[in-house]
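Each chain gets a letter, A, B and so on, in the order the sequences are listed, and its residues count up from 1.
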2 protein chains.
Amino acid sequence: MDTKIFCLGILSFGDATGYEIKKQLEGPFRHFYDASFGSIYPALGKLTDAALVERTELAQDKRPDKKVYSITPAGKMALMDELAKPISGDKVKSDFLATIVFSELLSPAAIDQMIADRLAAYDSAITELDCEQTMTGPGAHFVCGFGKALYTAARDYLENHRHEIVGHSLLTKSEKVL
Amino acid sequence: MDTKIFCLGILSFGDATGYEIKKQLEGPFRHFYDASFGSIYPALGKLTDAALVERTELAQDKRPDKKVYSITPAGKMALMDELAKPISGDKVKSDFLATIVFSELLSPAAIDQMIADRLAAYDSAITELDCEQTMTGPGAHFVCGFGKALYTAARDYLENHRHEIVGHSLLTKSEKVL
DNA sequence: TCAGTCTTATATTGGATCGACATATATCAA
DNA sequence: TTGATATATGTCGATCCAATATAAGACTGA
């Protein structure tokens with residue numbers, strides 16, 4: 001799903017500006033989807049060119065002008081077509097797990113710090129995703145619970161298996177590796 | 001962690017060609033990290049220019065020529081410096097969860113199919129990650145177990161909460177939404 | 001009060017990256 | 001014999017991220 005389709009999806013819930021679409025992605029959703037201004041604004045431009053959304057310029061008092069986008073009937077059809085297609089697998093890029101694979105090159109203290117940081121990050125993510133009540137729509141509700149379950153499982157696994165990655169540092173065995 | 005650092009990490013385990021680095025990313029690791037030829041080959045070129053790796057051309061019988069890369073002492077230092085830096089959070093892009101958020105626009109049959117596909121994908125991922133024995137190094141061992149725990153939690157949550165997302169289709173309430 | 005930061009809002013740019021394709025040869029199966 | 005798979009390197013267009021630019025009001029603490 002590229003940024004164009006994602007924007008169409010957000011606009012299917014109601015009109016929004018590019019800025020507001022980006023705001024949505026700073027809440028709990030950012031844990032499973034993200035997009036930057038550098039992809040949102042061009043996407044909205046292309047959608048407008050293709051008549052899948054309509055742009056209404058709105059001059060505001062004491063605020064920069066807004067450009068409010070609304071989905072068109074053609075846009076809703078394009079969105080539904082796209083959603084019905086087979087879904088590609090999740091794309092994950094975890095610097096944490098990659099670092100663990102290479103963790104023999106880290107000092108035991110650095111590994112401990114990394115694990116502590118990660119456990120704290122899981123805790124704050126779990127807290128942030130504890131938001132099923134405030135989310136609008138059954139889909140968003142499900143997604144928050146799903147995220148919470150995953151982060152909880154990750155937290156538990158890391159706590160119970162952290163001993164497997166400490167104590168293997170090559171740096172403890174010889175001071176110089178080079 | 002960009003592709004250059006990732007390649008340095010793989011090369012810290014031993015010499016490899018670009019093709020072999022890519023091969024590593026088609027096994028269990030692809031679930032948490034990926035890179036294409038379009039980023040691996042340019043990365044190896046830049047690493048060579050920076051003298052962080054060395055290239056040895058190897059003519060082969062009945063096979064295309066190989067370019068075997070080895071990490072240099074400077075490369076190992078650069079890798080260790082990079083690994084010691086604070087780790088950025090995982091980047092996840094889940095078309096599945098995004099589609100669930102927009103699932104009111106899908107037919108109940110399409111939602112059921114999507115869930116069935118996803119459960120099957122989790123099962124095959126869990127099977128593929130059941131490889132702690134064959135993996136070299138404690139880091140890789142940990143990562144496989146971690147992945148298995150996460151996919152198992154995802155599978156369980158989806159099975160136990162799938163009812164929350166079916167039965168909310170707007171298409172069942174009125175045949176035409178447009 | 002006044003500098004500094006935050007928020008709203010749009011947009012661009014450079015570099016990184018993906019996915020698809022191109023090229024070449026060899027093997028193996030239908 | 002036709003097509004698929006494997007080895008091996010590489011390029012190209014489109015996309016995308018992170019950072020930066022611009023601009024103006026609101027808040028905040030010294």
Using the test side chain to side chain contact (heavy atoms under 4.5 Å, CB included), find all partners of [X] that sit at least two apart in sequence or belong to another chain.
X        : answer
B:Ala110 : B:Leu106, B:Ser107
B:Lys85  : B:Glu82
A:Thr127 : none

Over how many whole Å does the gap from [X] atom [atom1] to [N] atom [atom2] extend?
X       : N      : atom1 : atom2 : result
B:Lys22 : D:dG10 : NZ    : P     : 16 Å
A:Met1  : D:dC16 : CE    : P     : 12 Å
B:Asp34 : D:dC16 : CG    : P     : 16 Å
A:Gln24 : C:dA9  : CD    : P     : 14 Å
A:Glu26 : C:dA9  : CD    : P     : 13 Å
B:Asp2  : D:dA19 : CG    : C1'   : 16 Å
B:Phe37 : D:dG13 : CZ    : C1'   : 19 Å
B:Leu25 : C:dC18 : CG    : C1'   : 13 Å

(message) Any residue in residues 3-21 of chain A with a heavy atom nearer than 4.0 angstrom to DNA chain C? Just list them by number, or reply none.
(response)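 A:Thr17, A:Gly18, A:Tyr19, in order of number.
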(message) I need the residues from residues 86-102 of chain A with at least one non-hydrogen atom less than 4.0 Å from DNA chain C; give them sorted by number, or say none.
(response)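 The stretch gives A:Lys91, A:Lys93 as the residues lying under 4.0 Å from the strand, ordered by number.
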Residues that [X] engages under side chain to side chain donor-acceptor pair (under 3.5 Å), provided they are two or more places apart:
X        : value
A:Arg155 : A:Asp123, A:Glu159
A:Asp34  : none
A:Tyr151 : A:His31
B:Glu54  : none

(message) At a heavy-atom distance below 4.0 Å, what parts of residues 39-48 of chain A sit against DNA chain D?
(response)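 Here the set is A:Ser39, A:Lys46.
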(message) It should be established whether B:Lys66 places a side-chain nitrogen or oxygen under 4.0 Å from OP1 or OP2 of nucleotide D:dA8.
(response)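 Checking D:dA8 against B:Lys66, a side-chain N or O does come within under 4.0 Å of OP1 or OP2.
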(message) Please determine whether a side-chain nitrogen or oxygen atom of B:Lys23 lies at a distance below 4.0 Å from atom OP1 or OP2 of D:dT7.
(response)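 For B:Lys23, the contact criterion (side-chain N or O under 4.0 Å from OP1 or OP2 of D:dT7) is met.
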(request) Please list all pairs passing the salt bridge (Lys or Arg N to Asp or Glu O under 4.0 Å) test where one or both residues lie in residues 9-20 of chain A, with sequence neighbours left out. (result)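 Salt bridge (Lys or Arg N to Asp or Glu O under 4.0 Å) check on residues 9-20 of chain A returns A:Glu20-A:Lys66.
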(message) Nearest to the side chain of B:Tyr69, heavy atoms from C-beta on, is which of D:dG10, C:dA11, C:dG19?
(response)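 Among the listed nucleotides, the one closest to the side chain of B:Tyr69 is D:dG10.
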(request) Starting from the first five and the last five pairs of the helix from C:dT1-D:dA30 to C:dA30-D:dT1, work out the angle between the resulting helix axes, to 10 degrees. (result)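 If I round to tens, the end axes sit 30° apart.
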Once you measure the plane-to-plane angle for [X] and [Y], does it fall in the parallel (<30°), tilted (30-60°) or perpendicular (>60°) bin?
X        : Y        : value
B:Phe32  : B:Phe29  : tilted
B:Phe13  : A:Phe102 : tilted
B:Tyr157 : A:Phe146 : perpendicular

(request) Could you grab the distance from atom CE of B:Met77 to atom OG1 of B:Thr72, nearest 0.5 Å is fine? (result)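 Output value for this atom pair is 9.0 Å.
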(message) Rounded to the nearest 0.5 Å, what separates atom OG in A:Ser103 from atom CD1 in A:Ile165?
(response)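 If we round to the nearest 0.5 Å, A:Ser103:OG and A:Ile165:CD1 are 6.0 Å apart.
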(request) Answer yes when B:Asp90 and A:Lys93 have at least one side-chain N-carboxylate O distance shorter than 4.0 Å, and no when they do not. (result)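 Salt bridge between B:Asp90 and A:Lys93, a charged N being under 4.0 Å from a carboxylate O: no.
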